[in-house]
There are 2 protein chains.
Amino acid sequence: MPSKVRKVSKEAVPARSARLTRGRAAPRKGAKEKWAERRAARREAILAAALDEFAERGFEGARLDDVARRAGIAKGTIYLYFADKETLFQELIRSALSPFVATIEAARSIDLPLRVVCDRLAGAFAREVLGTRRKDIVRLMISEGRRFPKIAKFYYEEVPKRAFAAVRALVRKGIERGEIVDDTLEKFPQLIISPALVAVVWDGLFDKYEPLDAEALLRAHFTLLFKAIERRTP
Amino acid sequence: MPSKVRKVSKEAVPARSARLTRGRAAPRKGAKEKWAERRAARREAILAAALDEFAERGFEGARLDDVARRAGIAKGTIYLYFADKETLFQELIRSALSPFVATIEAARSIDLPLRVVCDRLAGAFAREVLGTRRKDIVRLMISEGRRFPKIAKFYYEEVPKRAFAAVRALVRKGIERGEIVDDTLEKFPQLIISPALVAVVWDGLFDKYEPLDAEALLRAHFTLLFKAIERRTP
DNA sequence: TAATAATGACTGACTAGTCAGTCATTATAT
DNA sequence: ATATAATGACTGACTAGTCAGTCATTATTA
(Lines give C-alpha, C1' and ligand atoms only; values in the text may rest on other atoms or scores of the structure.)
Protein backbone atom coordinates (compact mmCIF):
# COMPACT_ATOMS: atom_id res chain seq x y z
CA MET A 1 0.00 0.00 0.00
CA PRO A 2 1.62 3.15 -1.17
CA SER A 3 2.41 4.10 2.38
CA LYS A 4 2.95 7.56 1.01
CA VAL A 5 1.55 10.34 3.04
CA ARG A 6 -2.11 10.20 2.28
CA LYS A 7 -3.03 12.70 -0.33
CA VAL A 8 -5.65 15.07 0.91
CA SER A 9 -7.68 13.90 -2.06
CA LYS A 10 -9.54 16.99 -3.07
CA GLU A 11 -10.75 14.86 -5.96
CA ALA A 12 -14.33 14.68 -7.01
CA VAL A 13 -15.43 17.28 -4.56
CA PRO A 14 -18.38 19.18 -6.03
CA ALA A 15 -17.46 21.94 -3.61
CA ARG A 16 -20.07 22.10 -0.95
CA SER A 17 -22.94 20.71 -2.93
CA ALA A 18 -25.36 22.81 -0.92
CA ARG A 19 -27.89 21.56 1.47
CA LEU A 20 -31.00 19.79 0.45
CA THR A 21 -32.15 22.94 -1.22
CA ARG A 22 -34.88 22.66 -3.78
CA GLY A 23 -33.74 23.82 -7.17
CA ARG A 24 -36.73 23.32 -9.40
CA ALA A 25 -40.09 25.10 -9.29
CA ALA A 26 -42.24 23.27 -6.78
CA PRO A 27 -44.83 21.08 -8.49
CA ARG A 28 -47.96 19.88 -6.75
CA LYS A 29 -46.48 18.07 -3.82
CA GLY A 30 -46.71 18.10 -0.05
CA ALA A 31 -43.70 19.41 1.81
CA LYS A 32 -43.44 16.07 3.56
CA GLU A 33 -42.87 14.03 0.45
CA LYS A 34 -40.52 16.58 -0.99
CA TRP A 35 -38.31 16.11 2.05
CA ALA A 36 -38.56 12.37 1.69
CA GLU A 37 -37.39 12.67 -1.90
CA ARG A 38 -34.48 14.84 -0.95
CA ARG A 39 -33.47 12.49 1.83
CA ALA A 40 -33.58 9.60 -0.63
CA ALA A 41 -31.43 11.52 -3.09
CA ARG A 42 -28.86 12.33 -0.45
CA ARG A 43 -28.81 8.73 0.69
CA GLU A 44 -28.03 7.73 -2.88
CA ALA A 45 -25.27 10.32 -3.06
CA ILE A 46 -23.66 8.91 0.06
CA LEU A 47 -23.92 5.37 -1.28
CA ALA A 48 -22.34 6.42 -4.58
CA ALA A 49 -19.47 8.10 -2.75
CA ALA A 50 -19.11 5.06 -0.51
CA LEU A 51 -18.83 2.75 -3.51
CA ASP A 52 -16.00 4.85 -4.89
CA GLU A 53 -14.19 4.91 -1.59
CA PHE A 54 -14.69 1.27 -0.59
CA ALA A 55 -13.81 0.06 -4.09
CA GLU A 56 -10.61 2.07 -3.99
CA ARG A 57 -9.41 1.33 -0.48
CA GLY A 58 -11.34 -1.66 0.82
CA PHE A 59 -13.43 -1.63 3.98
CA GLU A 60 -10.68 -1.06 6.53
CA GLY A 61 -8.83 1.41 4.38
CA ALA A 62 -11.85 3.54 3.55
CA ARG A 63 -12.18 6.79 5.51
CA LEU A 64 -15.61 8.19 6.21
CA ASP A 65 -14.09 11.66 6.04
CA ASP A 66 -13.33 10.92 2.40
CA VAL A 67 -16.74 9.44 1.73
CA ALA A 68 -18.17 12.68 3.06
CA ARG A 69 -15.80 14.75 0.93
CA ARG A 70 -16.70 12.78 -2.18
CA ALA A 71 -20.39 13.28 -1.45
CA GLY A 72 -19.83 16.96 -0.74
CA ILE A 73 -21.23 16.81 2.79
CA ALA A 74 -19.96 16.82 6.35
CA LYS A 75 -18.97 13.60 8.02
CA GLY A 76 -21.66 13.90 10.65
CA THR A 77 -24.31 13.80 7.97
CA ILE A 78 -23.38 10.25 7.05
CA TYR A 79 -24.39 9.23 10.54
CA LEU A 80 -27.84 10.71 10.03
CA TYR A 81 -28.35 8.18 7.25
CA PHE A 82 -26.36 5.16 8.38
CA ALA A 83 -25.68 3.87 11.87
CA ASP A 84 -21.98 3.19 11.33
CA LYS A 85 -19.32 2.26 8.82
CA GLU A 86 -20.34 -1.38 8.70
CA THR A 87 -24.01 -0.57 8.16
CA LEU A 88 -23.06 1.77 5.34
CA PHE A 89 -21.06 -1.01 3.73
CA GLN A 90 -23.90 -3.48 4.15
CA GLU A 91 -26.46 -1.11 2.68
CA LEU A 92 -24.13 -0.42 -0.21
CA ILE A 93 -24.06 -4.10 -1.12
CA ARG A 94 -27.77 -4.49 -0.51
CA SER A 95 -28.76 -1.52 -2.64
CA ALA A 96 -26.53 -2.59 -5.50
CA LEU A 97 -27.95 -6.08 -5.48
CA SER A 98 -31.67 -5.49 -5.65
CA PRO A 99 -31.82 -4.40 -9.28
CA PHE A 100 -29.49 -7.22 -10.24
CA VAL A 101 -31.60 -9.96 -8.75
CA ALA A 102 -34.51 -9.02 -10.99
CA THR A 103 -32.35 -9.65 -14.06
CA ILE A 104 -31.42 -13.07 -12.80
CA GLU A 105 -35.00 -14.07 -12.09
CA ALA A 106 -36.02 -12.90 -15.54
CA ALA A 107 -33.54 -15.24 -17.22
CA ARG A 108 -35.30 -18.29 -15.80
CA SER A 109 -38.35 -17.87 -17.93
CA ILE A 110 -36.78 -16.94 -21.25
CA ASP A 111 -38.09 -19.33 -23.87
CA LEU A 112 -35.30 -19.60 -26.38
CA PRO A 113 -32.69 -22.23 -27.24
CA LEU A 114 -30.23 -22.60 -24.37
CA ARG A 115 -27.36 -21.57 -26.60
CA VAL A 116 -29.06 -18.28 -27.38
CA VAL A 117 -29.88 -17.63 -23.74
CA CYS A 118 -26.25 -18.20 -22.82
CA ASP A 119 -24.95 -15.84 -25.47
CA ARG A 120 -27.34 -13.18 -24.31
CA LEU A 121 -26.30 -13.65 -20.70
CA ALA A 122 -22.66 -13.33 -21.70
CA GLY A 123 -23.41 -10.04 -23.40
CA ALA A 124 -25.51 -8.86 -20.50
CA PHE A 125 -22.76 -9.72 -18.04
CA ALA A 126 -20.13 -7.89 -20.05
CA ARG A 127 -22.37 -4.87 -20.41
CA GLU A 128 -24.18 -4.73 -17.08
CA VAL A 129 -21.49 -5.94 -14.71
CA LEU A 130 -18.04 -5.59 -16.23
CA GLY A 131 -19.05 -2.36 -17.92
CA THR A 132 -20.41 -0.73 -14.78
CA ARG A 133 -19.61 -0.17 -11.13
CA ARG A 134 -21.34 -3.45 -10.36
CA LYS A 135 -18.05 -5.22 -10.96
CA ASP A 136 -16.75 -3.32 -7.94
CA ILE A 137 -19.55 -4.76 -5.86
CA VAL A 138 -18.58 -8.26 -6.93
CA ARG A 139 -14.95 -7.50 -6.17
CA LEU A 140 -15.86 -6.10 -2.77
CA MET A 141 -17.76 -9.28 -1.96
CA ILE A 142 -14.81 -11.40 -3.01
CA SER A 143 -12.34 -9.29 -1.06
CA GLU A 144 -14.25 -8.49 2.10
CA GLY A 145 -16.91 -11.20 2.22
CA ARG A 146 -15.08 -13.50 4.59
CA ARG A 147 -14.90 -10.78 7.21
CA PHE A 148 -18.64 -10.05 6.94
CA PRO A 149 -20.44 -13.36 7.26
CA LYS A 150 -23.86 -11.72 7.43
CA ILE A 151 -23.31 -9.82 4.20
CA ALA A 152 -21.78 -12.88 2.56
CA LYS A 153 -24.85 -14.89 3.46
CA PHE A 154 -27.16 -12.22 2.10
CA TYR A 155 -25.11 -12.06 -1.09
CA TYR A 156 -25.18 -15.83 -1.39
CA GLU A 157 -28.95 -15.94 -1.08
CA GLU A 158 -29.43 -13.14 -3.57
CA VAL A 159 -26.90 -13.95 -6.25
CA PRO A 160 -25.30 -17.37 -6.59
CA LYS A 161 -28.23 -19.27 -5.10
CA ARG A 162 -30.77 -17.65 -7.39
CA ALA A 163 -28.48 -17.65 -10.38
CA PHE A 164 -27.71 -21.33 -9.98
CA ALA A 165 -31.36 -22.20 -9.53
CA ALA A 166 -31.96 -20.41 -12.82
CA VAL A 167 -29.10 -22.28 -14.50
CA ARG A 168 -30.49 -25.60 -13.30
CA ALA A 169 -33.95 -24.76 -14.61
CA LEU A 170 -32.54 -23.75 -17.97
CA VAL A 171 -30.37 -26.86 -18.25
CA ARG A 172 -33.30 -29.10 -17.42
CA LYS A 173 -35.39 -27.40 -20.06
CA GLY A 174 -32.56 -27.79 -22.57
CA ILE A 175 -32.36 -31.49 -21.86
CA GLU A 176 -36.11 -31.96 -22.12
CA ARG A 177 -36.10 -30.22 -25.46
CA GLY A 178 -33.26 -32.40 -26.65
CA GLU A 179 -30.96 -29.44 -27.21
CA ILE A 180 -28.31 -30.78 -24.89
CA VAL A 181 -27.53 -34.21 -23.51
CA ASP A 182 -25.29 -33.57 -20.51
CA ASP A 183 -26.44 -32.76 -17.01
CA THR A 184 -23.05 -31.91 -15.50
CA LEU A 185 -24.11 -28.28 -15.27
CA GLU A 186 -27.01 -29.23 -13.06
CA LYS A 187 -24.54 -30.66 -10.60
CA PHE A 188 -21.96 -27.89 -11.00
CA PRO A 189 -23.64 -24.72 -12.22
CA GLN A 190 -20.43 -22.95 -11.16
CA LEU A 191 -18.90 -24.24 -14.38
CA ILE A 192 -21.11 -21.97 -16.43
CA ILE A 193 -20.05 -18.76 -14.74
CA SER A 194 -16.46 -19.43 -13.78
CA PRO A 195 -14.88 -17.53 -16.68
CA ALA A 196 -17.00 -14.54 -15.69
CA LEU A 197 -15.37 -14.60 -12.29
CA VAL A 198 -11.96 -14.80 -13.91
CA ALA A 199 -12.85 -11.75 -15.97
CA VAL A 200 -13.82 -9.74 -12.90
CA VAL A 201 -10.65 -10.68 -11.05
CA TRP A 202 -8.36 -10.26 -14.03
CA ASP A 203 -9.67 -6.80 -14.77
CA GLY A 204 -7.95 -4.29 -12.57
CA LEU A 205 -5.37 -6.78 -11.32
CA PHE A 206 -3.53 -7.98 -14.40
CA ASP A 207 -5.29 -5.99 -17.06
CA LYS A 208 -2.41 -3.53 -17.22
CA TYR A 209 0.06 -6.26 -18.05
CA GLU A 210 -2.11 -8.41 -20.31
CA PRO A 211 -5.48 -7.05 -21.35
CA LEU A 212 -8.28 -9.58 -21.50
CA ASP A 213 -11.23 -9.32 -23.86
CA ALA A 214 -13.88 -10.48 -21.43
CA GLU A 215 -16.67 -10.85 -23.93
CA ALA A 216 -14.52 -12.89 -26.27
CA LEU A 217 -13.48 -15.05 -23.35
CA LEU A 218 -17.10 -15.73 -22.46
CA ARG A 219 -18.00 -16.46 -26.07
CA ALA A 220 -15.11 -18.90 -26.40
CA HIS A 221 -16.21 -20.52 -23.17
CA PHE A 222 -19.73 -21.12 -24.39
CA THR A 223 -18.54 -22.36 -27.74
CA LEU A 224 -16.43 -25.00 -26.03
CA LEU A 225 -19.11 -25.78 -23.49
CA PHE A 226 -21.76 -26.41 -26.11
CA LYS A 227 -19.43 -28.55 -28.18
CA ALA A 228 -19.25 -30.72 -25.08
CA ILE A 229 -22.88 -30.85 -24.05
CA GLU A 230 -25.07 -30.41 -27.12
CA ARG A 231 -26.62 -33.29 -29.00
CA ARG A 232 -24.09 -34.53 -31.52
CA THR A 233 -25.18 -34.05 -35.12
CA PRO A 234 -22.42 -35.74 -37.10
CA MET B 1 -16.45 -6.35 10.29
CA PRO B 2 -17.68 -7.50 13.64
CA SER B 3 -17.04 -4.12 15.18
CA LYS B 4 -16.94 -5.91 18.48
CA VAL B 5 -14.21 -4.87 20.76
CA ARG B 6 -11.22 -6.61 19.36
CA LYS B 7 -10.52 -9.73 21.25
CA VAL B 8 -7.06 -9.69 22.67
CA SER B 9 -6.58 -12.86 20.69
CA LYS B 10 -4.41 -14.91 22.95
CA GLU B 11 -5.00 -17.60 20.36
CA ALA B 12 -2.25 -19.54 18.79
CA VAL B 13 0.32 -18.11 21.08
CA PRO B 14 2.96 -20.71 21.68
CA ALA B 15 3.70 -18.79 24.86
CA ARG B 16 6.96 -17.01 24.43
CA SER B 17 8.53 -19.34 21.95
CA ALA B 18 11.96 -18.53 23.29
CA ARG B 19 14.59 -16.42 21.72
CA LEU B 20 17.00 -17.58 19.14
CA THR B 21 18.40 -19.97 21.65
CA ARG B 22 19.98 -23.09 20.35
CA GLY B 23 18.29 -26.20 21.66
CA ARG B 24 20.20 -28.96 20.06
CA ALA B 25 23.80 -29.98 20.59
CA ALA B 26 25.97 -28.00 18.25
CA PRO B 27 27.07 -30.06 15.27
CA ARG B 28 30.11 -29.26 13.23
CA LYS B 29 29.29 -25.82 11.97
CA GLY B 30 30.77 -22.36 11.94
CA ALA B 31 29.20 -19.90 14.37
CA LYS B 32 28.47 -17.59 11.47
CA GLU B 33 26.30 -20.02 9.62
CA LYS B 34 24.54 -21.14 12.75
CA TRP B 35 23.42 -17.58 13.27
CA ALA B 36 22.35 -17.38 9.69
CA GLU B 37 20.27 -20.50 10.16
CA ARG B 38 18.60 -19.14 13.26
CA ARG B 39 17.86 -15.85 11.59
CA ALA B 40 16.32 -17.72 8.70
CA ALA B 41 14.20 -19.79 11.05
CA ARG B 42 12.93 -16.72 12.85
CA ARG B 43 12.22 -15.05 9.58
CA GLU B 44 10.11 -18.04 8.61
CA ALA B 45 8.28 -17.90 11.92
CA ILE B 46 7.40 -14.27 11.35
CA LEU B 47 6.23 -14.99 7.81
CA ALA B 48 4.05 -17.86 9.04
CA ALA B 49 2.49 -15.64 11.68
CA ALA B 50 2.02 -12.90 9.12
CA LEU B 51 0.20 -15.27 6.78
CA ASP B 52 -2.24 -16.15 9.54
CA GLU B 53 -2.83 -12.54 10.41
CA PHE B 54 -3.06 -11.12 6.89
CA ALA B 55 -5.30 -13.97 5.76
CA GLU B 56 -7.64 -13.35 8.67
CA ARG B 57 -7.84 -9.57 8.61
CA GLY B 58 -6.48 -8.35 5.29
CA PHE B 59 -3.59 -5.95 4.90
CA GLU B 60 -5.13 -2.86 6.50
CA GLY B 61 -6.81 -4.82 9.26
CA ALA B 62 -3.74 -6.81 10.25
CA ARG B 63 -1.92 -5.62 13.35
CA LEU B 64 1.80 -6.15 13.68
CA ASP B 65 1.29 -6.48 17.43
CA ASP B 66 -0.72 -9.59 16.66
CA VAL B 67 1.78 -10.90 14.16
CA ALA B 68 4.38 -10.61 16.89
CA ARG B 69 2.13 -12.34 19.41
CA ARG B 70 1.42 -15.16 16.99
CA ALA B 71 5.12 -15.58 16.36
CA GLY B 72 5.87 -15.43 20.06
CA ILE B 73 8.18 -12.46 19.77
CA ALA B 74 8.15 -8.75 20.51
CA LYS B 75 6.90 -6.32 17.93
CA GLY B 76 10.24 -4.59 17.60
CA THR B 77 11.82 -7.84 16.48
CA ILE B 78 9.73 -7.83 13.34
CA TYR B 79 11.48 -4.63 12.35
CA LEU B 80 14.84 -6.33 12.62
CA TYR B 81 13.75 -8.64 9.82
CA PHE B 82 11.43 -6.50 7.68
CA ALA B 83 11.55 -2.79 6.97
CA ASP B 84 7.84 -2.16 7.41
CA LYS B 85 4.38 -3.65 7.14
CA GLU B 86 4.25 -3.41 3.38
CA THR B 87 7.63 -5.06 2.94
CA LEU B 88 6.54 -7.87 5.23
CA PHE B 89 3.45 -8.37 3.09
CA GLN B 90 5.48 -8.33 -0.09
CA GLU B 91 8.01 -10.82 1.23
CA LEU B 92 5.17 -13.03 2.39
CA ILE B 93 3.80 -13.25 -1.14
CA ARG B 94 7.25 -13.63 -2.62
CA SER B 95 8.30 -16.41 -0.28
CA ALA B 96 5.10 -18.33 -0.79
CA LEU B 97 5.44 -18.14 -4.54
CA SER B 98 8.94 -19.41 -5.12
CA PRO B 99 8.24 -23.09 -4.39
CA PHE B 100 5.04 -22.88 -6.41
CA VAL B 101 6.66 -21.60 -9.55
CA ALA B 102 8.88 -24.68 -9.70
CA THR B 103 5.80 -26.90 -9.84
CA ILE B 104 4.40 -24.90 -12.71
CA GLU B 105 7.61 -25.05 -14.70
CA ALA B 106 7.80 -28.78 -14.14
CA ALA B 107 4.39 -29.33 -15.71
CA ARG B 108 5.60 -27.99 -19.05
CA SER B 109 7.82 -30.89 -19.72
CA ILE B 110 5.65 -33.76 -18.58
CA ASP B 111 5.39 -36.22 -21.42
CA LEU B 112 2.00 -37.81 -20.99
CA PRO B 113 -1.36 -37.52 -22.73
CA LEU B 114 -2.83 -34.07 -22.13
CA ARG B 115 -5.84 -35.54 -20.41
CA VAL B 116 -3.64 -37.27 -17.88
CA VAL B 117 -1.59 -34.15 -17.26
CA CYS B 118 -4.77 -32.19 -16.62
CA ASP B 119 -6.12 -34.73 -14.17
CA ARG B 120 -2.85 -34.68 -12.30
CA LEU B 121 -2.81 -30.92 -12.20
CA ALA B 122 -6.36 -30.93 -10.84
CA GLY B 123 -5.32 -33.26 -8.08
CA ALA B 124 -2.18 -31.27 -7.39
CA PHE B 125 -4.15 -28.05 -7.20
CA ALA B 126 -6.67 -29.51 -4.81
CA ARG B 127 -3.91 -30.95 -2.65
CA GLU B 128 -1.20 -28.33 -2.85
CA VAL B 129 -3.27 -25.15 -3.00
CA LEU B 130 -6.77 -25.70 -1.72
CA GLY B 131 -5.50 -28.09 0.92
CA THR B 132 -2.82 -25.75 2.26
CA ARG B 133 -2.25 -22.17 3.27
CA ARG B 134 -1.37 -21.40 -0.32
CA LYS B 135 -5.01 -20.78 -1.02
CA ASP B 136 -4.75 -17.85 1.40
CA ILE B 137 -1.95 -16.42 -0.69
CA VAL B 138 -4.13 -16.60 -3.78
CA ARG B 139 -6.98 -15.01 -1.86
CA LEU B 140 -4.73 -12.26 -0.59
CA MET B 141 -3.63 -11.49 -4.11
CA ILE B 142 -7.22 -11.33 -5.28
CA SER B 143 -8.28 -9.15 -2.36
CA GLU B 144 -5.35 -6.81 -1.99
CA GLY B 145 -3.64 -6.99 -5.35
CA ARG B 146 -5.19 -3.86 -6.79
CA ARG B 147 -3.79 -1.77 -3.98
CA PHE B 148 -0.27 -3.17 -4.46
CA PRO B 149 0.56 -2.81 -8.14
CA LYS B 150 4.18 -3.85 -7.64
CA ILE B 151 3.19 -7.07 -5.91
CA ALA B 152 0.44 -7.72 -8.45
CA LYS B 153 2.96 -7.38 -11.24
CA PHE B 154 5.37 -9.73 -9.54
CA TYR B 155 2.59 -12.23 -8.97
CA TYR B 156 1.51 -11.91 -12.58
CA GLU B 157 5.01 -12.64 -13.83
CA GLU B 158 5.46 -15.59 -11.52
CA VAL B 159 2.10 -17.31 -11.69
CA PRO B 160 -0.42 -16.64 -14.45
CA LYS B 161 2.19 -15.72 -17.05
CA ARG B 162 4.24 -18.84 -16.48
CA ALA B 163 1.24 -21.05 -15.95
CA PHE B 164 -0.35 -19.90 -19.18
CA ALA B 165 2.86 -20.33 -21.09
CA ALA B 166 2.89 -23.89 -19.80
CA VAL B 167 -0.74 -24.40 -20.80
CA ARG B 168 -0.03 -23.12 -24.29
CA ALA B 169 2.95 -25.43 -24.66
CA LEU B 170 0.92 -28.42 -23.50
CA VAL B 171 -2.00 -27.60 -25.78
CA ARG B 172 0.29 -27.26 -28.76
CA LYS B 173 1.87 -30.60 -27.98
CA GLY B 174 -1.59 -32.15 -27.64
CA ILE B 175 -2.58 -30.85 -31.04
CA GLU B 176 0.62 -32.02 -32.67
CA ARG B 177 0.08 -35.47 -31.23
CA GLY B 178 -3.48 -35.49 -32.51
CA GLU B 179 -4.93 -35.85 -29.03
CA ILE B 180 -6.99 -32.71 -29.32
CA VAL B 181 -8.24 -30.65 -32.21
CA ASP B 182 -9.19 -27.30 -30.72
CA ASP B 183 -6.84 -24.42 -30.08
CA THR B 184 -9.22 -22.18 -28.12
CA LEU B 185 -7.18 -22.83 -25.00
CA GLU B 186 -4.11 -21.37 -26.65
CA LYS B 187 -6.02 -18.13 -27.07
CA PHE B 188 -7.71 -18.25 -23.67
CA PRO B 189 -5.68 -20.36 -21.26
CA GLN B 190 -7.79 -18.75 -18.53
CA LEU B 191 -10.52 -21.20 -19.50
CA ILE B 192 -8.52 -24.11 -18.18
CA ILE B 193 -8.09 -22.73 -14.69
CA SER B 194 -11.25 -20.71 -14.14
CA PRO B 195 -13.06 -23.35 -12.06
CA ALA B 196 -10.01 -23.47 -9.80
CA LEU B 197 -10.45 -19.77 -9.13
CA VAL B 198 -14.12 -20.35 -8.37
CA ALA B 199 -13.11 -23.03 -5.89
CA VAL B 200 -10.72 -20.70 -4.08
CA VAL B 201 -13.29 -17.94 -3.87
CA TRP B 202 -16.19 -20.19 -2.97
CA ASP B 203 -14.30 -21.81 -0.14
CA GLY B 204 -14.48 -19.63 2.93
CA LEU B 205 -17.12 -17.35 1.45
CA PHE B 206 -20.09 -19.57 0.66
CA ASP B 207 -18.77 -22.89 1.84
CA LYS B 208 -20.77 -22.65 5.03
CA TYR B 209 -24.02 -22.32 3.13
CA GLU B 210 -23.32 -24.70 0.28
CA PRO B 211 -20.21 -26.85 0.46
CA LEU B 212 -18.40 -27.35 -2.82
CA ASP B 213 -16.37 -30.44 -3.64
CA ALA B 214 -13.52 -28.70 -5.40
CA GLU B 215 -11.84 -31.78 -6.78
CA ALA B 216 -15.12 -33.09 -8.20
CA LEU B 217 -15.71 -29.69 -9.73
CA LEU B 218 -12.34 -29.74 -11.43
CA ARG B 219 -12.84 -33.30 -12.65
CA ALA B 220 -16.24 -32.41 -14.09
CA HIS B 221 -14.68 -29.40 -15.75
CA PHE B 222 -12.00 -31.43 -17.48
CA THR B 223 -14.48 -34.09 -18.52
CA LEU B 224 -16.60 -31.46 -20.26
CA LEU B 225 -13.58 -29.68 -21.65
CA PHE B 226 -12.14 -32.77 -23.24
CA LYS B 227 -15.49 -33.76 -24.69
CA ALA B 228 -15.31 -30.45 -26.48
CA ILE B 229 -11.72 -30.44 -27.64
CA GLU B 230 -10.52 -33.99 -28.11
CA ARG B 231 -10.48 -35.79 -31.43
CA ARG B 232 -13.91 -37.31 -31.95
CA THR B 233 -13.86 -41.09 -31.97
CA PRO B 234 -17.46 -41.98 -32.81
C1' DT C 1 33.69 -7.72 28.22
C1' DA C 2 32.16 -6.44 23.73
C1' DA C 3 28.99 -7.22 20.24
C1' DT C 4 24.74 -8.48 18.73
C1' DA C 5 19.77 -9.63 19.28
C1' DA C 6 15.56 -8.79 21.37
C1' DT C 7 12.33 -6.32 24.04
C1' DG C 8 8.23 -3.51 24.98
C1' DA C 9 7.02 1.09 26.56
C1' DC C 10 6.31 5.01 24.08
C1' DT C 11 5.10 8.45 20.41
C1' DG C 12 2.57 10.61 17.00
C1' DA C 13 -0.40 10.35 13.19
C1' DC C 14 -4.75 9.00 12.13
C1' DT C 15 -9.91 8.00 12.31
C1' DA C 16 -14.69 6.21 13.84
C1' DG C 17 -18.12 8.14 15.98
C1' DT C 18 -20.44 12.19 18.88
C1' DC C 19 -23.05 16.26 19.84
C1' DA C 20 -23.93 21.17 20.79
C1' DG C 21 -25.00 24.53 17.84
C1' DT C 22 -26.42 26.65 13.07
C1' DC C 23 -29.58 27.82 9.56
C1' DA C 24 -32.78 27.04 5.57
C1' DT C 25 -37.34 25.72 5.24
C1' DT C 26 -42.03 25.22 6.71
C1' DA C 27 -45.95 26.14 9.73
C1' DT C 28 -48.57 29.24 12.39
C1' DA C 29 -50.22 33.69 14.01
C1' DT C 30 -51.40 38.34 13.21
C1' DA D 1 -48.69 39.45 3.49
C1' DT D 2 -45.52 39.70 7.19
C1' DA D 3 -43.61 38.34 11.39
C1' DT D 4 -42.53 34.79 14.53
C1' DA D 5 -41.89 30.12 15.97
C1' DA D 6 -40.81 25.35 15.20
C1' DT D 7 -38.49 21.85 12.72
C1' DG D 8 -34.87 18.94 11.61
C1' DA D 9 -31.06 18.56 8.20
C1' DC D 10 -26.54 19.71 8.49
C1' DT D 11 -22.07 20.98 10.40
C1' DG D 12 -17.34 20.35 12.16
C1' DA D 13 -14.62 20.53 16.26
C1' DC D 14 -13.87 17.20 19.54
C1' DT D 15 -13.14 12.60 22.13
C1' DA D 16 -11.46 8.27 22.74
C1' DG D 17 -9.13 4.82 20.90
C1' DT D 18 -5.96 2.44 17.51
C1' DC D 19 -1.68 1.07 15.63
C1' DA D 20 2.77 1.56 12.70
C1' DG D 21 7.08 2.47 13.74
C1' DT D 22 11.03 3.97 17.23
C1' DC D 23 14.58 3.51 20.56
C1' DA D 24 16.53 3.25 25.27
C1' DT D 25 17.13 -0.68 27.92
C1' DT D 26 17.98 -5.57 28.85
C1' DA D 27 19.41 -10.23 27.60
C1' DT D 28 22.27 -13.42 25.15
C1' DT D 29 26.27 -15.02 22.94
C1' DA D 30 31.10 -15.45 21.87
Side-chain angles (χ1 to χ4, degrees), chain A residues 1-9 16-23 26 29-43 45-46 50 53-54 57-69 71-89, chain B residues 1-9 16-23 26 29-43 45-46 50 53-54 57-69 71-89:
Chain A
M1 165 77 19
S3 44
K4 313 287 181 201
V5 180
R6 264 164 165 167
K7 287 168 313 194
V8 188
S9 47
R16 192 64 344 97
S17 81
R19 278 137 183 272
L20 287 183
T21 319
R22 164 189 49 256
K29 227 168 224 173
K32 275 281 164 54
E33 54 189 289
K34 270 188 296 185
W35 273 111
E37 255 175 41
R38 286 174 209 167
R39 276 191 68 87
R42 175 135 293 186
R43 198 186 130 96
I46 295 171
E53 178 73 7
F54 282 128
R57 302 203 205 281
F59 179 81
E60 290 278 356
R63 285 164 297 177
L64 292 197
D65 271 308
D66 277 359
V67 173
R69 197 179 290 126
I73 59 174
K75 181 159 69 149
T77 307
I78 294 174
Y79 288 90
L80 299 174
Y81 290 81
F82 303 94
D84 56 23
K85 195 182 183 185
E86 191 177 340
T87 304
L88 172 59
F89 183 65
Chain B
M1 166 76 23
S3 43
K4 313 286 180 200
V5 179
R6 265 165 165 166
K7 287 168 309 187
V8 188
S9 49
R16 194 65 344 103
S17 83
R19 279 133 185 273
L20 283 184
T21 318
R22 166 189 46 256
K29 225 167 228 173
K32 274 281 164 54
E33 53 190 290
K34 270 189 298 186
W35 270 113
E37 256 175 41
R38 287 176 208 165
R39 276 192 67 88
R42 174 139 293 185
R43 199 186 130 96
I46 295 171
E53 179 73 7
F54 283 128
R57 303 201 205 281
F59 179 81
E60 290 277 358
R63 286 164 296 180
L64 292 197
D65 271 309
D66 278 359
V67 173
R69 197 179 291 126
I73 59 172
K75 181 159 69 150
T77 307
I78 294 174
Y79 287 88
L80 299 175
Y81 290 81
F82 302 95
D84 55 22
K85 194 182 181 183
E86 192 176 340
T87 305
L88 172 59
F89 184 65

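Throughout, protein chains are lettered first and strands after them, A, B, ... in sequence-line order, and every chain is numbered starting at 1.
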Atom of B/A62, atom of B/K85 and distance for their closest heavy-atom approach: O-NZ, 2.9 Å
N/O (side chain, A/Y79) to phosphate O (OP1/OP2, C/dC19) under 4.0 Å: no
Between D/dA20 (P) and B/L64 (CG): distance, integer Å: 5 Å
B/E53 side chain vs B/R63 backbone, donor-acceptor pair below 3.5 Å: yes
Length of the line joining B/Y81:OH and D/dA20:C1', which is rounded to integer Å: 20 Å
Phosphate OP1/OP2 of C/dT7 contacted by B/T77 side-chain N/O (<4.0 Å): yes
Gap between atoms CZ and C1', on A/R38 and C/dT25 respectively (whole Å): 8 Å
Protein-nucleotide distance (B/F82, atom CZ; D/dG21, atom P), rounded to Å: 14 Å
Partner of A/F82 by side-chain contact (heavy atoms from CB on, under 4.5 Å), out of A/L64, A/L88, A/T77, A/V67: A/L88
Side-chain heavy-atom pair B/L80, B/R42 within 4.5 angstrom cut-off: no
Parallel, tilted or perpendicular, as decided by the 30° and 60° cut-offs, for the rings of A/F59 and A/F54: parallel
Distance test, side-chain N/O of A/R39 to OP1/OP2 of D/dA9, below 4.0 Å: yes
Value in whole Å for how far the C1' atom of C/dT7 lies from CZ of B/R42: 11 Å
Gap between atoms CD1 and C1', on A/I73 and D/dG8 respectively (whole Å): 16 Å
Nucleotide opposite C/dT22 in a Watson-Crick or G-U pair, distances under 3.5 Å: D/dA9
Atom-to-atom span, CG of B/D65 to P of C/dG8 - whole angstrom: 11 Å
Length of the line joining B/E60:CD and C/dC14:P, which is rounded to integer Å: 13 Å
5'-most by nearest nucleotide on DNA chain C - B/K75 or A/K85: B/K75
Closest nucleotide among C/dG8, D/dC10, C/dG17 to the B/A74 side chain: C/dG8
